[in-house]
Each structure stands twice: as C-alpha cells, then as structure tokens.
Protein chains: 2
Amino acid sequence: MNTPKNTEQASKPAKKTRGRPLAFNQEQALKNALQVFWQHGYEGTSMAELVEALGINKPSIYATFGNKEALFGQALEKYVAGPAAFVGEAMKEPSAKQVAEKFLTGAVAFFTDQNHPPGCMIVQAALSCGQGSAQIQETLIEYRKRLEENFKLRFDLAKIHGDLPANTNSADLAKYLTTLHQGMSVQASSGASKESLLALVQIALKNWPSD
Amino acid sequence: MNTPKNTEQASKPAKKTRGRPLAFNQEQALKNALQVFWQHGYEGTSMAELVEALGINKPSIYATFGNKEALFGQALEKYVAGPAAFVGEAMKEPSAKQVAEKFLTGAVAFFTDQNHPPGCMIVQAALSCGQGSAQIQETLIEYRKRLEENFKLRFDLAKIHGDLPANTNSADLAKYLTTLHQGMSVQASSGASKESLLALVQIALKNWPSD
DNA sequence: TTATTTATTTACCGATTGGTATGAAATTAT
DNA sequence: ATAATTTCATACCAATCGGTAAATAAATAA
C-alpha cells in the first residue's frame, strides 16, 4: 500500500460518491499547474514536469483535467479569476486617471511579487511558439485584446463623465496603457526591480490627458 | 545524380578550395534560419523545420553552423547587424528627444514591416521556455539590458550637452523607452496596426522632459 | 589516372514528447 | 461478503526531439 490516505483536504464536506475517492486536491493541483505554466510557458512545460509539480501521475491528470491544452485553459481561468483579478478592480476606479494609475502600479506590485513567477502569464506563456501551439497563442492574444477593449470602453465612459477631455482618443490611450503593461511584464521577467518599474510608471503617467 | 549544380550563388569570386564545393549559399541559409527563429522562437523551431526552411539537410546544417543553439546565436548576430541596425542609428541622433523619437517610430516601422515576422526577435524568441533553453533566454535578456544601458549612457551625455534637464533620471527614462519598445513588440506580434502604434508613440513622447 | 579533401545523402541513434491501455486498489451499495 | 464503481500505478505507445555514423559524390592536387 503506497497510496497516500485520503486526508480530507477539501473544505467542502466531501459529498458521498461511489467508487474510490480522489487522493489529491483538485484545486491545489490546478494551482500548481498554473505556477508551472506561468513560469515556463505552454510549450516550455512538459507533462513530466507537470506530473512532478502536481504530485499526481499522468493518467490522473488526464482523467481530471483532460489533455495538456485543456489543463492550460483551466489554469488560465484560475489565473484571471485569482492572481490577475486586480485588473478588474482597477477598472472600477472613479476616474480614468485613477484607473490607469491603479492598473499600472498594481501591475508593478503583481509582476514583482516574490510569491509567484514574475510577469504576466497572458503575455509570457505563448508569445512565440511552434504551429502546434497556435491555438493557445491565439487565445492569449484574444485575452490581451479584450483587456485593451475594456480600457477603451472605460475611457469612453470617462469622456462622458467629463474626467477625460472630449477630444481624447480612447483607443489610443487604451493601447498606450496595455503596451506599457506588456512591456513591464517583459521587464519584470527579465529581473527589473519594483522600484525601477514604479519610476517608469510615474514617467508614463506624467502626461495624462487633461483639459 | 540528384544533387543540384553549383550554380555560383555567392557574389564573391568563390576562392578555389579543395574538395567538393558547397551546394548552398551560407548567407542565404542563415537568413532563412533567422526568419524561422524570428517567427516561431527558439523552442518553437524544430530542426525539421529548419531543414525545410534552409533547403539543406541536417548534417550540412550541423557541419556549417554547429548545433541548434549555435545556429540561433549566428542568426541573432545577423539580426542585430542587419534588420535591427536601425536601433544603433537612432542612438546617433543629435538630441535625446530625437533619439527617442527615432527609436520608437523606427521600431513601429520595423515591427510592422510585412517583409519579415512582426515584433522584435530579441523580445519574442525565448521570453519563457523550458530549462533546456535557459541559456538562450539569458542571452536575450542580456541583449535587452545592454540596449537599456546604452540609452542610459546616451541620456547621461544629453544631460551634459544640455538637451535634457540636469535633474532627469537617465536610467528611468531609458527603462521607459525600452519598456515601450518591448510592449510594442508584443502588440505588433498580436496584430496591432502601424497607425495605432504610431499614435501610441505620440502619446508616449508628449511628456518628454524639458526645462 | 589516382589520391586527397570536402559535402551531401540516407539512414539511423537514444531521449523525450504528449497521450493511454490495463489491471490492481479503494470505496459505496446491495 | 460481494458486486459495482471509480481512482491509482505501472508500463507502454507512436511520433518527434536534437544529433550523428557511414557511405557516396564532387571537386582539386599530384
């Protein structure tokens, strides 16, 4: 008997199901998968590495999450809903400038947080890759474009509210923000310090549009 | 007899050497390798793909360029000296602001040039990867840091020349520029248009430091 | 012609890739 | 107990990975 005991890791009362119970925590396994994909990207992560990181063997991974691509997709959802949720929060700030400031400074804190890999998974995980990963690459591009579009809509709203000049080009401003964000992700993954990135943000925000 | 004739591709007079002559143009082969690495990154490019792209078979590649890593290194050198040479040119502009403007607008034109893959190879080719490519990743990080450092030195000079305020932080300004550059590379590889990127550059340069 | 040198071709190598078949182990329902 | 159900572990799969051995082809030197 080499299998670990079912030590009831889940917080839920473990609804009675038939058959052998799961020997691992799915949430924790997904969290571990996220860490690995975040650090080494989609192609750079092998199933062997995932087996080791999740602590469960291959057939269990496939039974629980599907194939490598499906696992990445679920890790990505977890990333957006969890670690990267600060982006949605920033969007709720009362003014456009505050949105931008919160977004960029939040990104700096996030990118340089020692508790997880540096940089943004959506930027890093499949920037360039072989043809076999083109679908993943496209998915990440869509995520980035959606964020930019959301900023554009937020800035359109700000123009109506009057906290952004009426002649401002919302789309250009949104691209300015997301480009800085993506660039900072590259910087952070290359070892840039929190301080240097914060200084950069100050420069970037100095010329915020105003009447 | 299936081998192609030696149709004297090189421009040079083909110095007489002993033994069977090369059946391909090394320069052209390296150019092709550069294209592939540029598009699919280091890990995303397989030897099989290189064989097809270079038009020569594997043993010839190994005999001429060494292994995959060595070939990438030579392609990278070609990239820096050739396509990416505009960066060095921008550095020679007479004032700091002109350096920045030339660099960013040049990058936009470069990143969206239809004659080669979008974005910057030094940013894209190994942003995240498996442990086996850590050396390549580190090399590219060094290239990026060197560029940033060069901007910093150029801005230090500008402060002495007086075309940049004396209280300007050269390092921060250099990071601002390279971060925009890296972000634009991500944008371009995701399909951003030349026009949208140029608009972004205008925003980015609006608050250039001045007395 | 013959020997020497270099390049190209074909075929192959062990290792690793993502992905599974299969049978044993662990649980609940009867 | 025993049957039914589900998960786990071992071992395996074909395909691809980067890289090479060995023989043949094409040139020059003698």
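Only this structure's heavy atoms are used, side chains among them; waters, hydrogens and symmetry mates stay out.
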Please report the distance, rounded to the nearest Å, between [atom1] in [X] and [atom2] in [N].
X: A:F65; N: C:dG19; atom1: CZ; atom2: P; value: 15 Å
X: A:L71; N: C:dG19; atom1: CG; atom2: C1'; value: 13 Å
X: B:I61; N: D:dG18; atom1: CD1; atom2: P; value: 11 Å
X: A:M47; N: D:dA14; atom1: CE; atom2: P; value: 20 Å
X: A:Q131; N: D:dT16; atom1: CD; atom2: P; value: 12 Å
X: B:I56; N: C:dT9; atom1: CD1; atom2: C1'; value: 13 Å
X: A:N57; N: D:dA11; atom1: CG; atom2: P; value: 12 Å
X: A:L54; N: C:dG18; atom1: CG; atom2: P; value: 13 Å

Legend entry - SB check A:E149 A:K152 (cutoff 4.0 Å):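 A:K152 and A:E149: not salt-bridged.
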
Inset, instruction - Return no unless some side-chain N or O of A:N67 is found under 4.0 Å from OP1 or OP2 of C:dG19. - result: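 Yes.
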
Inset, instruction - Look at A:S60 and D:dT7 and indicate whether a side-chain polar atom (N or O) is within less than 4.0 Å of OP1 or OP2. - result: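 It does not, given that no N or O in the side chain of A:S60 lies less than 4.0 Å from OP1 or OP2 of D:dT7.
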
Legend entry - First encountered from the 5' end of DNA chain D, between B:G19 and B:T45: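 Nearest nucleotide further toward 5': that of B:T45.
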
Legend entry - Candidate pair A:L180 and A:L200, rule side chain to side chain contact (heavy atoms under 4.5 Å, CB included), full reasoning: CA-CA 9 Å; A:L180 282 165; A:L200 183 172; 4.1 Å; yes

Inset, instruction - Give the intermediate values and the outcome of side chain to side chain contact (heavy atoms under 4.5 Å, CB included) for residues B:M91 and B:L147. - result: CA-CA 10 Å; B:M91 208 74 79; B:L147 176 62; 4.1 Å; yes

Inset, instruction - Classify the nucleic acid contact of A:T64 as base, sugar-phosphate or nothing, counting any heavy atom under 4.0 Å across all strands shown. - result: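 Touches nothing.
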
Nearest-neighbour nucleotide for the [X] side chain, [options] considered:
X: A:Y62; options: D:dC8, D:dG19, C:dT20; result: C:dT20
X: B:K58; options: C:dT8, D:dG19, D:dA26; result: D:dG19
X: B:R18; options: D:dT28, C:dA29, C:dG19; result: D:dT28
X: B:A23; options: D:dC8, C:dT8, D:dA27; result: C:dT8

Legend entry - C:dA24 - base-pair partner by Watson-Crick or wobble geometry, distances under 3.5 Å: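 When the pairing criteria are applied, D:dT7 turns out to be the nucleotide that pairs with C:dA24.
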
Legend entry - Any N/O donor-acceptor pair, A:K68 side-chain to C:dG18 base, under 3.5 Å: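 Answer no: no donor N or O sits under 3.5 Å from an acceptor.
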
Inset, instruction - Confirm from the modelled atom types if A:R20 and D:dT7 form a donor-acceptor pair under 3.5 Å, side chain to base only. - result: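 Per atom types, the contact qualifies.
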
Legend entry - Aromatic ring proximity A:Y79/A:F37, centre distance under 6.0 Å: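 Judged by ring-centre distance (under 6.0 Å), A:Y79 and A:F37 do not meet the cut-off.
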
Inset, instruction - Would you kindly compare A:P59 and A:A48 by the position of their nearest DNA chain C nucleotide and give the one closer to the 5′ end? - result: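 By nearest-heavy-atom nucleotide position, the 5'-most residue is A:A48.
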
Inset, instruction - Check the side chains of B:Q124 and A:S128 for a donor-acceptor pair under 3.5 angstrom, ignoring hydrogens and angles. - result: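 There is no such pair (donor and acceptor under 3.5 Å, judged by atom type) between the side chains of A:S128 and B:Q124.
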
